[in-house]
Chemist: 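The following block contains the structure, expressed as structure tokens.
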Amino acid sequence: MNLSVMPGWAALRGYRRAWLRPDLLAALSLWAVLVPQAFAYAQLAGLPAAAGLYTALGAMIGYALFGGARFLNVGPESSVAIVVAGALATVPGGDPALVSAQLALLIAAFLTIGYAIRAGVLMRLLSTPVLTGYLAGSGVVIIVSQLRKVTGIEPRGHHLTKIGAVLRNLGDLNPWALGCALLTAAAVLLIGRYARRLPGPLIALVAATAVVALAGLDDRLAVLGPATGGLPVPRLPWTGLADTMRLIGPALSLALLVYASSVLTARSLAAKEGEDADPQQEFLGLAAANAGSALLGGFPANGSDSRSALLSGSGARTRLAGLGAALAVIITLLALMPLIRTLPQAALGAVIILTAARLIDLPAFRRLWRLRRTDFVLAAVTAAGVLVFGVLEGIVVGVAVSLLEVLRRAVMPYTAVLGRTGDERAYRDVVNYRDAETLPGLVVYRFDAPLFFANADVLRADLRRLIADAEPPLREIVIDAEAVYDLDTTGVEALHRVADDCDRAGVRLSFARTRVPVRNLMRETGLDERVRFFHRVADAVAAYRAEHPGHRPAVRSTRPHRRGLGRSRIWRSPVRWLRAWLRRRLISTSRDG
């Protein structure tokens, strides 16, 4: 047996008896949170309550054997459940339980293929801002989808219009459903606030079920109804080739979402323990989890942030905690399912809404706005894509926006004029370091991107403007080429044209910190005969000083545009531009007078 493929089996073989008690306590805590979430997410996906437990059972066993992260809990999850509900609508007339199981099996197949072709690079297509926006949009969609349960009103139309539909039909409001939802939510919040160690959702749902059963309120409240128990019989789900072809698109999107979100969760938890998560092994672990869910009649499984954090914080020592929770799920299926017949739908809806609200991470949006506005735009556009087009389409929007951002950074690279700051060898952007010293007649220019066909004109336009605007006139330009790690033929042609511009202006062109592949291409095209090369920027500046000993350093009195050396002057601050225009008009008027 290849233990490198099954790290869970290798970990269990070296298990210590001292770890048993903390693992079992963590397993009970996990079970108390998992059971109500399994019921709620199964309802969210449009499936029987038992399907949530089948998903949890198969996923936890599969991931425990093949997964690489110690604390990641894989099972039913809200954002995946809402996507499953949309995917089931694409297969009309089919058995929802069978279709969802086949969807999970297709996801397992795609994840296995990802492991075989080492497709971990796909993780780069879903950045943290995109996932933040996706989860926020999914949270809103999930909350809106539960309005029917907590109000008793059946809103129609797109989820963006359902809130208005509820407000227009308040006359049909079921006060019993709303009261049950509010009391359940209050109980969960109060337990979470004052008794965090207790399983708030489980206690609230048990209390709601008991009250409905004892008071006979099942005629006034929609309840879960009879729930079949017993252990599922493993079988291979198959609904036919036509249904399989309809499910390929949703399965591929879900596979990307499951992998990206689970790996992010696994990495964050592993980092807290000083460990690393293997992105490649996660393909196998998540594939095994979804295959186990499919064989037991569940729906697609995903890593849960909340349950994984609970495992990490409850003292679990190994992945045996997940297997202990799986054993508790088996007991639930065998003995406890008949007790949940009077579980009110409004209470389940309240639990789902509270869980979905946690997906809308407003502090994360504020942090993105404060640190990097571009990342905030990525998150906001992705969230809007989920709300307008749907959850599945929102994934495509997020990937497309990420690719457009990559293209924008390549076409509009960061450029800078450098100056010396303190240390003889330290040269920094004069925009960020106002005390940076420059030498008259010398410009040290940095281009922070590979030089290729999409951005070659930016470099030439920058240098032409620097030559035209220099006062006193330039004698030499030194290009810091450390960030130019690649160069194509269009880039070489642009450099030859830059050399022509410098020759006409009487300016010497030099390069510092040029990478070997880039310099080899310059040599093959004859460019190395027209320019000078230096190992460091400091060496190039020292050579210029030796040739022009009378030039003294000066601190720049003006701050050039941060990114806009190659942009038109119209991109100046509008206030400064208006002030300069008014000054010119006043001077012109006074002269005419």
Chemist: Under 4.5 Å between any side-chain heavy atoms of Y544 and R508, yes or no?
Modeler: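 A side-chain contact under 4.5 Å is absent here.
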Chemist: Measuring from I143:CD1 to S78:OG, what's the distance to the nearest 0.5 Å?
Modeler: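 I143 atom CD1 to S78 atom OG measures 10.0 Å (nearest 0.5 Å).
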Chemist: With rounding to the nearest 0.5 angstrom, report the OH to CZ distance, Y414 to R409.
Modeler: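 Y414 OH to R409 CZ: 14.0 Å, rounded to 0.5 Å.
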Chemist: For the backbone of G62 and the side chain of N290, can you confirm whether one donor and one acceptor N or O come within less than 3.5 Å of each other?
Modeler: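 Answer holds: no.
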Chemist: Taking the cut-offs as 6.0 angstrom to the six-membered ring centre and 45 degrees off its axis, would you call R519 and F533 a cation-pi pair?
Modeler: yes
Chemist: Calculate, to the nearest 0.5 Å, the distance between atoms CZ and CG belonging to R446 and D462 respectively.
Modeler: 13.0 Å
Chemist: Could you tell me the separation between the OG1 atom of T415 and the CZ atom of F447, rounded to the nearest 0.5 Å?
Modeler: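 Here the interatomic distance stands at 7.5 Å.
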Chemist: Does S262 reach the main-chain N or O of G303 with its side chain, forming a donor-acceptor pair under 3.5 Å?
Modeler: yes
Chemist: Using 0.5 Å steps for rounding, measure from the OG1 atom of T265 to the CG atom of N73.
Modeler: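 Here the rounded value is 10.5 Å.
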Chemist: Could you pull out the closest heavy-atom pair between V397 and T382, with the gap in Å?
Modeler: CG1-CA, 4.4 Å
Chemist: What are the two closest non-hydrogen atoms of Y63 and G68, and how far apart are they?
Modeler: OH-N, 3.7 Å
Chemist: For a quick test of reading the model, state the closest non-hydrogen atom pair linking A540 to F534 and the distance between them.
Modeler: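 Nearest heavy atoms, A540 then F534: CB-CD1, 3.5 Å.
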Chemist: Measuring only between side-chain heavy atoms, which start at C-beta, is L442 closer than 4.5 Å to H548?
Modeler: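 SC-SC contact between L442 and H548 ruled out.
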Chemist: Are R532 and E547 close enough, and set up right, to give a salt bridge (charged side-chain N to carboxylate O under 4.0 Å, His left out), and what steps lead you there?
Modeler: CA-CA 14 Å; R532 296 195 304 178; E547 296 171 358; 3.0 Å; yes
Chemist: Verify the neighbour count for atom CG of D448: are there more than 12 heavy atoms of other residues, nucleotides or ligands below 6.0 Å?
Modeler: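 More than 12 heavy atoms, drawn from other residues, nucleotides or ligands, come within 6.0 Å of this atom.
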Chemist: Can you name the closest pair of heavy atoms from F66 and A288 and give their distance?
Modeler: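 Residues F66 and A288, closest heavy atoms: CD1-CB, 3.5 Å.
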Chemist: Can you tell me how far apart OG (S308) and CG (L72) are? Round to the nearest 0.5 Å.
Modeler: 4.5 Å
Chemist: Taking the side chain as everything from C-beta on, heavy atoms only, tell me whether V492 gets closer than 4.5 Å to M522.
Modeler: no
Chemist: Of the non-hydrogen atoms in S402 and V130, which two are nearest, and what is the gap between them?
Modeler: OG-CG2, 3.0 Å
Chemist: Below 4.5 Å, heavy atoms only, C-beta onward: do L254 and F110 meet side chain to side chain?
Modeler: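 L254 does not reach F110 side chain to side chain.
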Chemist: Please list, chain by chain and in numerical order, all residues satisfying side chain to side chain donor-acceptor pair (under 3.5 Å) with R504, sequence neighbours excluded.
Modeler: D501
Chemist: Given the rule in the side-chain contact (heavy atoms from CB on, under 4.5 Å) test, do T438 and V443 qualify, once you have shown the distances and angles that lead to the verdict?
Modeler: CA-CA 7 Å; T438 60; V443 164; over 6 Å; no
Chemist: Considering non-hydrogen atoms only, spot the tightest contact between A287 and A108 and give its length.
Modeler: O-CB, 3.3 Å
Chemist: Can you check whether E77's main-chain N or O pairs, donor with acceptor, with Q37's side chain at less than 3.5 Å?
Modeler: no
Chemist: Does the side chain of I142 come within less than 4.5 Å of I352's, by heavy atoms?
Modeler: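 Yes. Closest side-chain heavy atoms under 4.5 Å.
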Chemist: Is V458 close to M412 at the side-chain level, that is, under 4.5 Å between some pair of heavy atoms?
Modeler: no
Chemist: Taking side chain to side chain contact (heavy atoms under 4.5 Å, CB included) as the criterion, tell me which of N520, L521, T514 meets it with L487.
Modeler: L521
Chemist: What do the steps show when you test S253 against V83 for side-chain contact (heavy atoms from CB on, under 4.5 Å), and what is the final call?
Modeler: CA-CA 9 Å; S253 299; V83 179; over 6 Å; no
Chemist: Between L495 and V531, is any pair of side-chain heavy atoms under 4.5 Å apart?
Modeler: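 No, their side chains stay 4.5 Å or more apart.
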Chemist: Could you list the residues that satisfy salt bridge (Lys or Arg N to Asp or Glu O under 4.0 Å) with E493, not counting sequence neighbours?
Modeler: none
Chemist: Does Y433 reach the main-chain N or O of L418 with its side chain, forming a donor-acceptor pair under 3.5 Å?
Modeler: no
Chemist: Quick check with a 6.0 Å cut-off and a 45 degree axis cone: is R367 positioned over the face of W369's six-membered ring?
Modeler: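 No, cation not above the ring by the 6.0 Å, 45° rule.
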Chemist: Please name all residues satisfying salt bridge (Lys or Arg N to Asp or Glu O under 4.0 Å) with R530, sequence neighbours left out, ordered by chain then number.
Modeler: D500, D503
Chemist: Going through the checks in order, is the side-chain contact (heavy atoms from CB on, under 4.5 Å) test met by D486 and F452?
Modeler: CA-CA 8 Å; D486 193 16; F452 67 114; over 6 Å; no
Chemist: Step by step, work out the side-chain contact (heavy atoms from CB on, under 4.5 Å) result for D361 and L135.
Modeler: CA-CA 8 Å; D361 193 350; L135 292 176; over 6 Å; no
Chemist: Quick one: does C502's side chain get under 4.5 Å of I467's, heavy atoms only?
Modeler: yes
Chemist: Are D480 and Y427 linked by a side-chain donor-acceptor pair shorter than 3.5 Å?
Modeler: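 Side-chain D/A pair, D480 to Y427: absent.
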Chemist: Within the supplied structure, the quantity of interest is the number of heavy atoms (other residues, nucleotides, ligands) at a distance under 6.0 Å from R497 CZ; does it exceed 12?
Modeler: no
